[in-house]
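Everything below concerns the one structure shown next.
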Amino acid sequence: MKKTRFIALVLLLLGSVSAKAQDTVKVDVGGTKVIIITKDKDGLKDLSKVDLNKIIAEAVKKADSSRSGSEKTVIVYQPNENFNDYYTSEYENQRNRHRRYKRRRRSRVRNYLSLDLGFNNYLENGRFPDEAGKEYGLDVFGSRYISVGWYRRTSLFGSPLRLTMGVEVSWNNFMFTNDTYITQDSAGVNFRDYLEDNNVTIDKSKLTTIYANVPILLGLRFQNPFGRTAFRFDIGGYFGYRLDSYAKIKPSGQNVQRPHRSYFLNNWRYGLVTYLGFDGFQLFAKYDLNPLFVEGKGPSLNAFSFGIRL
């Protein structure tokens with residue numbers, strides 16, 4: 001066996017060898033020559049996508065196991081379709097690894113905006129006021145809830161467990177039935193009949209509260225094979241501060257009245273919230289643990305909201 005060994009790595013990236021002009025790279029390392037032959041310059045550029053270290057390791061293994069004493073050259077790869085399969089497989093594996101890494105990075109922390117739409121009502125000692133014949137019973141479908149918020153969701157420990165925090169502004173509209181409207185004096189709030197007080201019926205009467213809220217939720221998310229959320233469940237709490245409140249009264253044939261007052265509403269609110277979602281469809285429910293009005297200034301009502309998230 002002679003001292004000089006030649007390892008020829010024939011890498012044909014476009015199929016088979018042709019008789020056309022070729023680009024050749026010769027590398028001499030300590031007397032060991034590596035010859036790389038490609039069809040053109042583009043073939044040389046494509047070498048950056050191939051794991052050459054792996055090819056060299058396989059070349060050494062093959063040389064040790066199959067070379068005879070009279071051979072001067074060991075051909076590791078013949079120009080055939082198997083090499084094309086190898087190249088495609090290696091390149092696609094690298095791309096897939098990169099995609100999985102980017103997907104994991106994206107799913108760790110996510111910021112997003114959401115819009116919640118639904119309805120409001122409240123309970124008094126566990127019952128709806130209209131069931132007890134109270135004058136402040138509500139028109140459920142006229143009592144609409146709107147919330148716009150920014151949220152930050154963080155994946156915990158690489159598991160389906162998620163922590164979500166955010167800031168949102170919510171509008172609770174409590175639409176009264178019949179000719180009821182709300183007023184306030186030094187003693188508290190009153191629910192009166194507009195027709196009796198003014199000899200005019202009203203087309204609409206409601207109380208609107210606006211709060212800035214901070215929700216904190218812990219939840220689970222499970223993904224389908226395509227990386228999209230198939231099921232999610234979140235539960236947590238929130239606390240908020242009142243930004244504004246007003247009554248909206250529309251007497252028949254007259255202009256809208258919108259007096260902005262406190263109506264002895266609690267400035268702070270806190271409660272529980274939950275979300276349940278399938279694919280891109282989500283439902284929510286919120287319940288205030290503290291009463292809507294200051295104690296002794298109005299009825300003891302606990303508000304709640306429910307609806308969908310867009």
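For this chain, numbers begin at 1 and follow the sequence in order.
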[X], [atom1] atom: more than 12 neighbouring heavy atoms under 6.0 Å:
X      : atom1 : answer
Asn255 : CG    : no
Lys204 : NZ    : no
Glu131 : CD    : yes
Arg269 : CZ    : yes

Do the non-hydrogen side-chain atoms of [X] and [Y] ever get within less than 4.5 Å of each other?
X      : Y      : result
Val169 : Val148 : no
Asn178 : Asp193 : no
Ile146 : Asp116 : no
Leu301 : Leu123 : no
Phe264 : Gln184 : yes
Val294 : Leu265 : no
Tyr270 : Asp288 : no

Atom [atom1] of [X] and atom [atom2] of [Y]: how far apart are they, to the nearest 0.5 Å?
X      : Y      : atom1 : atom2 : value
Arg261 : Ile182 : CZ    : CD1   : 10.0 Å
Asp234 : Arg309 : CG    : CZ    : 8.5 Å
Glu124 : Leu292 : CD    : CG    : 11.5 Å
Arg232 : Arg153 : CZ    : CZ    : 7.0 Å
Lys206 : Lys250 : NZ    : NZ    : 13.5 Å
Ser143 : Tyr122 : OG    : OH    : 7.5 Å

Are the ring centres of [X] and [Y] closer than 6.0 Å?
X      : Y      : value
Tyr275 : Phe233 : no
Trp268 : Phe239 : no
Phe284 : Tyr145 : yes
Tyr194 : Tyr181 : yes

Original post:
Is a salt bridge present between Asp179 and Arg192, judged by a nitrogen-to-oxygen distance below 4.0 Å?
Top reply: no
Subject >> Ion pair check, Arg242 and Asp244, cut-off under 4.0 Å >> reply: no
How close do [X] and [Y] get, heavy atom to heavy atom, and via which atoms?
X      : Y      : value
Gly166 : Pro215 : O-CD, 3.2 Å
Phe293 : Pro299 : CD1-O, 3.6 Å
Ser300 : Pro291 : OG-CB, 4.4 Å
Ser186 : Lys297 : O-NZ, 3.3 Å

Is [Y] reachable from [X] through a run of I, L, V, M, F, W or Y residues, each pair having side-chain heavy atoms under 4.5 Å apart?
X      : Y      : answer
Trp150 : Val273 : no
Leu243 : Phe174 : no
Val200 : Ile202 : yes
Leu163 : Tyr238 : no
Ile249 : Phe176 : no

**OP:** Decide side-chain hydrogen bond (donor to acceptor under 3.5 Å, both in side chains) for Asn111 and Arg152; before the verdict, give the C-alpha distance in whole Å, the side-chain angles of both, and the deciding distance to 0.1 Å.
**Re:** CA-CA 4 Å; Asn111 301 319; Arg152 184 178 183 87; 3.0 Å; yes
Consider only side-chain N and O atoms of [X] and [Y], and report whether a donor and an acceptor are under 3.5 Å apart.
X      : Y      : value
Thr177 : Asp139 : no
Glu168 : Tyr211 : no
Asp185 : Asn190 : yes
Ser252 : Asp203 : yes
Asn172 : Asn120 : yes

**OP:** Measure from NZ or CZ of Lys248 to the centre of the six-membered ring of Tyr246 and say whether it is under 6.0 Å with the direction within 45° of the ring axis.
**Re:** no
**OP:** If the plane angle is over 60° it's perpendicular, under 30° parallel, otherwise tilted; pick one for Phe119 and Phe306.
**Re:** tilted
